[in-house]
Protein chains: 2
Amino acid sequence: MTATRPEPTTSAAEAVGLREVVEIRRTMPPASVERLPGYLRVLTDLAARGVTSASSQQLAELAGVGPAQLRKDLSHLGSHGRRGVGYDVDTLRERVQSALGLVVELRVAIVGAGNLGHALANYSGFGARGFTVAALLDSNLALVGTEVAGVVVEDVARLADVVRDLDVSIVVIATPGEHAQEVCDVVVAAGVREILNFAPRALQVPDDVELRSVDLGSELQILAFHSRERSGREAAGL
Amino acid sequence: MTATRPEPTTSAAEAVGLREVVEIRRTMPPASVERLPGYLRVLTDLAARGVTSASSQQLAELAGVGPAQLRKDLSHLGSHGRRGVGYDVDTLRERVQSALGLVVELRVAIVGAGNLGHALANYSGFGARGFTVAALLDSNLALVGTEVAGVVVEDVARLADVVRDLDVSIVVIATPGEHAQEVCDVVVAAGVREILNFAPRALQVPDDVELRSVDLGSELQILAFHSRERSGREAAGL
DNA sequence: ACATGTGAAGGCTTTCACAGCA
DNA sequence: TGCTGTGAAAGCCTTCACATGT
């Protein structure tokens with residue numbers, strides 16, 4: 001995974017006019033934010049299995065992190081555990097969910113109805129995790145009008161309209177690399193501030209836009225590095 | 001993106017018997033390794049456009065990082081730039097490529113021939129980046145025998161055979177979350193040491209296995225966090 | 001007893017700023 | 001002069017260890 005963290009610690013509290021406000025805006029470290037979805041997944045699983053309470057040790061094991069790290073991460077959300085006992089699964093799940101802003105269903109538009117766009121639109125985990133695929137757009141007019149996963153493909157030229165009319169807050173870019181930057185520019189111009197990019201390009205966005213990028217090729221290459229490292233080690237040592 | 005870095009700095013040199021060996025094994029920091037694919041992409045683009053030389057400033061801009069960071073990252077590969085001039089694009093490209101172990105085509109197997117597996121198998125960027133989809137496997141016998149992207153789908157029960165016979169070095173898990181851990185266990189037992197997981201689960205692997213995980217839902221949830229943060233800021237400040 | 005919440009320590013990463021070389 | 005390569009500084013993040021509370 002590749003992520004962008006442009007702002008060098010923009011204090012949220014500073015942007016707020018009132019300083020002596022009651023609710024202290026606890027600003028969570030980016031590294032902790034990235035682990036919250038993992039905790040939410042574990043908590044949802046446990047809740048579904050009827051488990052009502054769990055220790056940091058148990059939760060950490062399921063999430064694949066250390067117990068101390070999990071406790072520190074959760075401490076940024078305030079104290080919700082009970083000493084000597086552990087955490088109440090349901091309470092904590094709700095707290096994490098609300099911290100992630102998943103109280104309302106967020107609406108997502110996918111640009112690019114090729115292989116990947118298709119797969120993403122059909123991805124069942126979407127709804128289960130609080131998101132709705134509100135629109136699917138493509139520049140290929142042969143695809144426009146066809147239906148994918150219950151959504152009619154729109155012309156990418158209508159993107160600004162779609163974003164406004166359907167109240168889209170997150171756009172997923174699943175186009176070929178060549179068109180990714182131009183699509184990205186249009187998306188930003190349409191007022192979208194959260195973008196997830198699957199195209200193999202480093203996209204340029206203004207500072208106030210949150211961009212995350214996932215590139216399959218890069219992931220494989222990182223694994224390839226370790227593979228080579230390993231084979232070198234084995235050849236020399238073993 | 002979620003990544004695992006289990007080993008608390010396992011010294012590669014330590015695993016090697018010889019200490020006074022000629023080739024000092026330069027151990028590259030994990031954070032630098034993660035950026036190498038991005039640099040390689042930029043260098044390949046420039047080479048294709050006929051550019052022969054570039055400064056750290058230019059390369060960094062295209063890769064979306066700072067110039068100092070790029071220089072430091074590249075310094076782990078040895079000195080390949082020319083002071084006062086910049087880097088030779090082609091030389092550097094080859095150096096990065098070889099550092100990533102992309103001198104030979106690496107063979108990949110994809111487990112799970114559903115929506116995502118399908119899309120991954122058809123992903124054209126595969127070959128262009130030095131990887132071959134050698135096999136596609138699924139547990140659904142209705143899919144076994146059908147052809148996807150020029151590859152015949154095999155029964156997942158034959159995984160160990162496939163890995164051995166086709167010399168697979170990387171396995172991509174694209175199954176539903178429920179089956180991901182059992183598939184993972186089989187993959188590890190088959191001797192594979194590099195795994196890319198797309199299933200929404202934290203998988204448990206031995207220390208000597210390199211596991212990287214990409215979870216669409218988590219990426220969206222991280223964006224949702226920033227979306228909420230932003231709306232709170234606007235409501236309060238503006 | 002037991003497990004959380006958290007200062008403090010230690011490790012890693014990024015950024016700075018300049019020496020060194022073409 | 002211009003740009004690389006790199007020690008040193010600054011900033012993050014993780015881990016430790018224990019005080020705190022039940």
Side-chain angles (χ1 to χ4, degrees), chain A residues 1-11 24 26-36 38-39 43 51-89 91-92 95-96 222, chain B residues 1-12 24 26-36 38-39 43 51-61 63-89 91-92 95-96 222:
Chain A
M1 151 217 77
T2 316
T4 44
R5 282 176 229 156
E7 302 139 76
T9 314
T10 296
S11 161
I24 295 153
R26 291 173 170 282
T27 122
M28 173 158 320
S32 294
V33 173
E34 301 214 337
R35 283 185 294 267
L36 287 186
Y39 301 154
L43 291 164
V51 179
T52 61
S53 176
S55 66
S56 64
Q57 180 105 96
Q58 296 171 289
L59 293 174
E61 175 140 3
L62 290 169
V65 302
Q69 183 162 81
L70 179 132
R71 289 202 302 276
K72 183 139 268 180
D73 286 340
L74 293 182
S75 76
H76 296 293
L77 301 175
S79 288
H80 295 281
R82 298 209 308 196
R83 298 180 191 234
V85 181
Y87 298 89
D88 179 78
V89 169
T91 308
L92 188 57
R95 188 68 196 81
V96 173
I222 294 165
Chain B
M1 154 211 69
T2 317
T4 45
R5 281 175 231 158
E7 302 139 75
T9 315
T10 297
S11 162
I24 294 150
R26 292 174 167 282
T27 122
M28 172 158 319
S32 295
V33 173
E34 301 214 336
R35 284 184 294 267
L36 287 186
Y39 302 153
L43 291 165
V51 179
T52 60
S53 176
S55 67
S56 65
Q57 181 106 98
Q58 296 171 289
L59 293 174
E61 176 140 3
V65 301
Q69 183 162 83
L70 179 133
R71 288 203 301 277
K72 181 137 272 184
D73 286 342
L74 294 182
S75 76
H76 295 293
L77 302 175
S79 289
H80 294 282
R82 297 209 308 195
R83 295 174 194 236
V85 182
Y87 298 88
D88 179 77
V89 170
T91 308
L92 189 57
R95 189 68 196 83
V96 173
I222 294 165

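We name chains A, B, ... by the order of the sequence lines, and we start the count at 1 in each one.
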Taking only N/O atoms, report every protein-nucleotides 18-22 of chain D pair under 3.5 Å with atom names and distance.
{"unit_1": "D/dT20", "atom_1": "O2", "unit_2": "A/R83", "atom_2": "NH1", "d": "2.4"}

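- Comparing atom distances between the B/A31 side chain and each of D/dT15, C/dT14, D/dT4 picks out C/dT14 as nearest.
- Look at CG on B/L70: it is 16 Å from C1' on C/dC16, rounded to the nearest Å.
- Taking the side chain of B/A68 as heavy atoms from C-beta on, and the options D/dG5, C/dC16, C/dG5, the nearest nucleotide is C/dC16.
- In terms of heavy-atom proximity, B/G81 sits nearest to B/Y87 at CA-CD2, 3.4 Å.
- Qualifying side chain to side chain contact (heavy atoms under 4.5 Å, CB included) partners for B/A60, counting only residues two or more places apart in sequence or in other chains: B/V65, B/P67, B/L70.
- In this structure, A/P67 reaches neither bases nor backbone, as no heavy-atom distance under 4.0 Å exists between it and the strands shown.
- Residues meeting the side chain to side chain contact (heavy atoms under 4.5 Å, CB included) test with A/E61, sequence neighbours left out: none.
- Judged as a side chain to side chain donor-acceptor pair (under 3.5 Å), and not counting sequence neighbours, A/Q69 has no contacts.
- Residues passing the salt bridge (charged side-chain N to carboxylate O under 4.0 Å, His left out) test with A/R35, sequence neighbours excluded: A/D73.
- B/E61 has its CD atom 14 Å from the P atom of D/dC3, to the nearest Å.
- Formation of a donor-acceptor pair under 3.5 Å by the B/E34 side chain with backbone atoms of B/A31 is not found in this model.
- Distance, B/E34 CD to D/dC13 P: 15 Å, rounded to whole Å.
- Listed nucleotides: D/dT4, C/dG5, C/dT4. Nearest to the side chain of A/S55: C/dT4.
- Going from atom CG of A/L74 over to atom C1' of D/dT14 covers 15 Å, rounded to whole Å.
- Among residues two or more places apart in sequence or in another chain, the side chain to side chain donor-acceptor pair (under 3.5 Å) test is passed with A/R71 by A/S56.
- We find that CG of B/D73 is positioned 16 Å from P of C/dC12, with the value rounded to whole Å.
- For the pair B/R95 CZ and D/dG5 P, the computed distance is 13 Å after rounding to whole Å.
- Rounded to whole Å, atom P of C/dG5 lies 10 Å from atom CG of A/L77.
- In this structure, B/G66 and A/G86 both approach DNA chain C, and ranking their closest nucleotides by distance from the 5' end singles out A/G86.
- In this structure, B/K72 and A/S32 both approach DNA chain D, and ranking their closest nucleotides by distance from the 5' end singles out B/K72.
- The distance between atom CD of B/Q69 and atom P of D/dC3, rounded to the nearest whole Å, is 20 Å.
- Across D/dG7, D/dG5, C/dA8, the shortest atom-to-atom separation from the side chain of B/S75 is found for D/dG5.
- Proximity of B/S56 to the phosphate of D/dC3: no side-chain N or O atom is located under 4.0 Å from OP1 or OP2.
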